[in-house]
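Only one structure is covered here, and it is reproduced in the block below.
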Amino acid sequence: MNKKDLEAMEKIKRYLEQQNRPYSVNDIFMNLHKEVGKTAVQKCLDQLVGTGSIKEKTYGKQKVYVFDQEQFPALDEEKLKKMDKQVEELTQTIKEAEKECAEVETKLRNLSSSLTTDEAKKKISQLEEEVSKLEHKLSSLKENQVLVSKEEKDKITKASEQMIKQWRKRRRMALDILDAIMEGYPHPKKQLFEEIGIETDEDVGVVLPKS
C-alpha cells in the first residue's frame, strides 16, 4: 500500500476506535466527509479486518464494522461495586456528622436560655468547643480526608469514570447492532434476545450510572 492508502487506513481505524460503534461502509464514507473514496474505504476496512484491528459483522445483506473490543481494557465490575459502596458509606457518615452537629447547636441554644449567666457562659464555652470539634470532623469528612486521601479519591474517581465510559460505549454499540438485526428480524425484540441468549442490564439488576 502507498502512503496515501496507509494514512486513509489509519484515519478509518482511529475513527472507529473513537466512536466505538458499528458503521457500514457508506456511514464511514459520509462521516469522514468523503475525504476517503468509498472504494478506498472498503479496501481499508478489508485490510483492517485482516489484521484483526476491527471486526466485520454481516446482517442479511448489510455489513457493519466495529473496533475490536478486545483492545479496550476490561471492565472491573467488582471494583465499581466496591467504589459505589465506599461512596455510600462516606455519604452516610457525613449525614450522621451533620445530624450530630445540628443536635449540639440546638442544645446550645436551649441551654443558653435556661441557665444562669455564669452557668450559661461555662456551658456555652464547653459546647462551643464541642461544636468546633464536630465542625472540624464534618469538614474533614466532606473533604474525604479521614477515610480516603485526596490522591486515592482522585484515582478512584478517574478509574470509575473511565470504566463507566467504556461500559456506556459498549452498551450503545450492542444496542446499535441489535437494532440493525431487528431491521430484518420478523419477531419481537424479546424473542430475539431469548433465541441468542441476550441478557440486558435490567435483567441482571445492573443500573448504568448517570453521566
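Residue numbers start at 1 and run along the sequence shown. Bear in mind the structure is a predicted one, so any value in this text is a computation, not a measurement.
- A donor-acceptor contact shorter than 3.5 Å links the side chain of Gln69 to the backbone of Phe67.
- Residues Val41 and Val49 fall within the same hydrophobic cluster, defined by Ile, Leu, Val, Met, Phe, Trp and Tyr side chains chained together at heavy-atom separations under 4.5 Å.
- A distance of 9.5 Å separates CD in Glu130 from SG in Cys101, rounded to the nearest 0.5 Å.
- Arg168 contributes atom CZ, which lies 10.5 Å from atom CD of Glu161 (distance to the nearest 0.5 angstrom).
- Hydrophobic clustering (side-chain heavy atoms under 4.5 Å, transitive across Ile, Leu, Val, Met, Phe, Trp, Tyr) groups Leu45 together with Leu6.
- By the 4.5 Å heavy-atom criterion applied to side chains, Met182 and Leu192 are counted as neighbours.
- A distance of 8.0 Å separates OH of Tyr65 from CD1 of Ile28, quoted to the nearest 0.5 Å.
- Applying the salt bridge (charged side-chain N to carboxylate O under 4.0 Å, His left out) test to Lys155 and every residue at least two apart in sequence or in another chain returns nothing.
- Considering only heavy atoms from C-beta on, Asp179 stays 4.5 Å or farther from Glu183 through its side chain.
- When hydrophobic clusters are built by joining Ile, Leu, Val, Met, Phe, Trp and Tyr residues whose side-chain heavy atoms come closer than 4.5 Å, directly or via intermediates, Ile94 is not grouped with Val87.
- Distance check: Leu48 CG to Glu56 CD gives 11.5 Å after rounding to the nearest 0.5 Å.
- Smallest separation of non-hydrogen atoms from Lys63 and Thr58: CG-OG1, 3.7 Å.
- Scanning for salt bridge (charged side-chain N to carboxylate O under 4.0 Å, His left out) contacts around Lys165 gives an empty result, with sequence neighbours left out.
- Residues Asp176 and Pro22 approach most closely at CB-CG, 3.8 Å, considering heavy atoms.
- Linking ILVMFWY side-chain heavy atoms closer than 4.5 Å, directly or via other members, places Ile177 and Phe193 in a single hydrophobic cluster.
- Separation of atoms CD (Gln47) and NZ (Lys13) is listed at 12.5 Å; rounding is to 0.5 Å.
- A pairwise comparison of heavy atoms in Asp5 and Lys43 identifies OD2-NZ, 3.8 Å as the closest pair.
- Both Leu32 and Met9 are members of a single hydrophobic cluster when ILVMFWY side chains are connected at heavy-atom separations under 4.5 Å.
- Ile156 and Gln86 get closest at one heavy-atom pair: CD1-OE1, 3.4 Å.
- The existence of a salt bridge linking Glu7 and Lys11 is excluded, since no basic side-chain nitrogen approaches an acidic carboxylate oxygen closer than 4.0 Å.
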- Check the pair Glu195, Gln191 against side-chain hydrogen bond (donor to acceptor under 3.5 Å, both in side chains), reporting the backbone distance first and the verdict last. CA-CA 6 Å; Glu195 287 182 1; Gln191 184 172 337; 3.3 Å; yes
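- Under the rule for a ring pair (Phe, Tyr, Trp, His ring centres under 6.0 Å), Phe29 has no partner lying at least two apart in sequence or in another chain.
- Taking each heavy atom of His187 and Tyr185 in turn, the nearest pair found is O-CD2, 3.1 Å.
- The shortest heavy-atom contact between Ile12 and Cys44 is CD1-CB, 3.6 Å.
- The CG atom of Asp27 lies 10.5 Å from the CG atom of Leu16; values are rounded to the nearest 0.5 Å.
- Inter-residue side-chain proximity for Lys133 and Glu129 is flagged as met; some heavy-atom pair is nearer than 4.5 Å.
- The local environment of NZ in Lys169 is crowded, with over 12 non-hydrogen atoms from other residues, nucleotides or ligands closer than 6.0 Å.
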